[in-house]
Amino acid sequence: MNKQQLLQHLQDIEWDNFEVKKAEKELPKSSWETVSAFANTSGGWLVLGVSQQGKKFEITGVENMEKLEQDLGNTLRSYSKFNTIINPYFKKYNIDGKKVLACFIPSSEVKPVYFNSLANTFIRTGSGDQRASEFEINALFRDQSFGTMSEKTVEGTSVESLNKSSYKRFREYLKWRNPDLRYNQMDDEEFNRRLKIVKDGKLTYGGLLFLGKNEEITDTFSDFRIDYFEIPGTSYSDTKVRYTYRIDEQENLWEYYFVLFQRLKIYANNPLIIGEMGIGHEDTKEIDALREALVNLLIHTDYFSPMKPRIRVFSNRIEFENPGSLPLPVEELMIIDESLPRNPVLAKFFRIAKLCESGGYGFNKMLEWKRQTGNDVTFESTIGKTKFTFMIDTTKAIRKESVANDTINDTENDTINDTTNDTENLTDNRKKIVKIMSRNPYITSKELSEMVGITPVNIRVNIMKLKNAGIICRDGANKGGKWIVIKPL
């Protein structure tokens with residue numbers, strides 16, 4: 001921070017990485033709160049020799065800058081005051097003949113950072129220091145294992161703890177989506193070992209969450225679920241019902257992904273684009289933005305938190321909120337290529353399946369939502385949770401209601417909430433559709449109607465429900481595309 005940047009900060013109170021203290025003769029006791037807060041969050045500048053009254057700043061200066069720097073540095077670089085060593089960086093200024101000492105407190109790798117006792121743990125909120133709550137302190141403790149837990153083993157598990165159907169579909173999906181992937185040539189034992197699904201004969205946390213049996217997952221994560229709600233209003237207070245739609249509980253994260261993604265696609269446009277050669281293709285930028293947010297939530301969630309990941313669709317926005325903070329400020333993550341995932345094993349699963357960006361956090365892909373729709377996308381990260389918000393037009397909500405209303409003509413009396421993962425529970429007509437698509441991916445709705453023996457309207461309804469259940473998906477445009485059977489019979 002140079003002198004001009006310092007002066008600019010003094011004119012702008014909209015910051016969260018900058019704190020001033022008068023400190024003319026000695027260091028104020030409140031400085032330790034600021035050091036703790038910066039070290040527990042994203043780091044920041046503690047500026048000594050400046051006083052603040054409301055929005056007004058005054059350069060007061062410090063009398064003995066060298067001694068103040070030495071005393072502060074020695075304290076932070078030892079265990080005399082704090083529970084961990086802090087390595088500050090100092091800058092000295094002379095402003096109008098008065099000395100100002102600025103001390104940069106880096107974000108600590110060991111958290112929580114506190115002085116004297118755990119009760120003196122502080123975090124940065126807005127432009128102030130706040131004593132951390134028990135929930136926030138526990139989140140900071142869990143952050144010490146950031147990026148390592150997903151590859152640790154789960155006691156009492158084995159390869160038999162995998163859901164065989166999910167495992168089979170995952171391997172088949174990889175062969176279809178990423179045919180040149182070297183893992184496709186491996187047998188199950190080597191595949192599991194190389195991808196860290198299994199380690200030392202036990203499932204890793206990542207392998208269990210992604211492909212495990214639900215009863216085995218809930219033995220370790222007692223309240224395992226991904227919440228998805230559609231709320232008919234801009235908040236809970238302006239709606240008569242808590243929600244109009246929610247996703248049923250799924251077997252594991254692989255199953256959750258397909259069910260959630262198929263539902264989110266309702267809120268995105270994918271228009272047909274005709275190229276110079278007259279060949280059409282779908283523009284999936286909006287869909288890709290929502291997919292990136294969904295996968296981001298699944299791979300960066302702190303699954304050990306009592307808070308659960310959730311997606312809430314209001315009439316004017318979609319909120320992706322998950323327990324666990326980002327490892328760096330959003331501004332820094334947006335300009336680096338490394339993703340620093342909380343759960344690297346989960347991140348690798350989604351990346352080799354080509355379901356998310358191979359590097360970084362996918363912010364650019366998510367921001368494509370704004371370029372395509374004109375609606376804002378915001379990113380927030382605090383101690384204990386992260387939230388991405390996609391603003392939507394009310395027409396998106398209308399489209400959702402239209403899709404739901406299409407089920408009125410369904411002669412089989414099923415509802416749009418049918419998100420079963422078990423293909424054995426499918427109706428006879430849906431089983432026929434899946435089998436026909438497996439043999440002929442280019443089959444048309446008209447041809448399906450003739451072969452199954454039901455009306456084109458009911459064919460469309462059944463296809464929609466098969467999509468919502470994550471059993472099939474469409475690759476390409478309505479004309480010229482093909483059907484992909486994700487969950488073969």
Side-chain angles (χ1 to χ4, degrees), residues 163-173 175-177 211 213-214 226 228 230 244-267 270 282 287 353 355 399-489:
N163 180 285
K164 292 181 181 179
S165 296
S166 297
Y167 184 84
K168 179 182 177 183
R169 288 193 289 270
F170 179 55
R171 294 218 62 174
E172 288 175 345
Y173 186 90
K175 290 175 183 177
W176 164 74
R177 192 75 173 85
L211 292 171
K213 297 176 181 176
N214 188 266
I226 312 294
Y228 176 97
E230 291 175 0
T244 55
Y245 178 85
R246 73 175 299 179
I247 291 291
D248 293 336
E249 292 185 11
Q250 304 297 311
E251 189 76 2
N252 47 48
L253 293 183
W254 182 237
E255 306 295 349
Y256 261 117
Y257 165 77
F258 285 102
V259 174
L260 290 166
F261 179 60
Q262 291 300 328
R263 192 66 187 179
L264 286 167
K265 285 173 66 175
I266 296 172
Y267 299 92
N270 55 325
E282 286 182 302
I287 290 176
L355 294 175
R399 183 185 305 125
K400 177 199 72 174
E401 293 173 4
S402 175
V403 171
N405 289 337
D406 282 344
T407 62
I408 294 175
N409 293 322
D410 187 357
T411 57
E412 296 174 277
N413 254 352
D414 291 325
T415 68
I416 197 165
N417 291 352
D418 178 12
T419 56
T420 179
N421 288 306
D422 189 353
T423 55
E424 294 179 1
N425 293 333
L426 293 179
T427 62
D428 289 341
N429 284 340
R430 289 178 202 165
K431 286 182 180 179
K432 289 180 184 178
I433 292 172
V434 174
K435 288 180 179 178
I436 293 170
M437 287 179 174
S438 297
R439 294 194 299 266
N440 181 8
Y442 298 95
I443 190 82
T444 66
S445 296
K446 182 180 179 181
E447 291 169 337
L448 279 170
S449 175
E450 294 172 353
M451 296 179 71
V452 177
I454 59 177
T455 67
V457 171
N458 283 325
I459 284 291
R460 289 196 296 271
V461 169
N462 280 285
I463 286 176
M464 180 183 64
K465 291 183 177 180
L466 288 169
K467 284 182 176 181
N468 287 340
I471 295 172
I472 64 171
C473 67
R474 184 72 176 174
D475 180 31
N478 291 333
K479 292 184 178 181
K482 65 179 180 179
W483 294 107
I484 302 298
V485 177
I486 301 168
K487 301 179 182 181
L489 297 180

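Along the sequence shown, residues carry numbers from 1. Everything quoted here is computed from the prediction, not taken from an experiment.
- Nearest approach of Cys473 to Gln262, heavy atoms of both residues: CB-NE2, 4.0 Å.
- Closest heavy-atom contact between Glu249 and Tyr256: CA-OH, 3.4 Å.
- The OG1 atom of Thr427 sits 7.5 Å away from atom CG of Leu466, with the distance rounded to the nearest 0.5 Å.
- Atom CD1 of Ile226 sits about 10.5 Å away from atom CG of Asn252, to the nearest 0.5 Å.
- Remark: the Glu230 side chain and the Tyr267 side chain contain an N/O donor-acceptor pair separated by less than 3.5 Å.
- Remark: the backbone N or O of Gln250 is paired with a side-chain donor or acceptor of Asn214 at under 3.5 angstrom.
- Listed here is the closest heavy atom pair of Val485 and Ser438: CG2-OG, 3.5 Å.
- Looking at heavy atoms from C-beta onward, Met437 lies in side-chain contact with Ile463 at the 4.5 angstrom threshold.
- Considering all non-hydrogen atoms of both residues, Arg474 and Pro441 come closest at NH1-O, 4.4 Å.
- The NZ atom of Lys164 lies 11.5 Å from the NZ atom of Lys168; values are rounded to the nearest 0.5 Å.
- Smallest separation of non-hydrogen atoms from Ser165 and Asn163: N-OD1, 3.1 Å.
- Here Trp254 pairs with Phe170, Tyr173, Phe210, Phe258 under the ring pair (Phe, Tyr, Trp, His ring centres under 6.0 Å) rule; sequence neighbours left out.
- For Phe261, the ring pair (Phe, Tyr, Trp, His ring centres under 6.0 Å) test picks out Tyr257, with sequence neighbours left out.
- Put simply, the residue from Ile443, Asn440, Ile454 that forms a side chain to side chain contact (heavy atoms under 4.5 Å, CB included) with Leu448 is Ile443.
- Remark: Leu355 CG to Arg177 CZ distance equals 6.5 Å, nearest 0.5 Å.
- Between the CD atom in Glu255 and the OG atom in Ser166 there is a gap of 3.5 Å [rounded to 0.5 Å].
- Distance check, rounded to the nearest 0.5 Å: NZ of Lys265 to CD1 of Ile287 gives 5.0 Å.
- Annotation: cation-pi pair Arg263/Tyr245 present, NZ/CZ under 6.0 Å from the ring centroid and within 45° of its normal.
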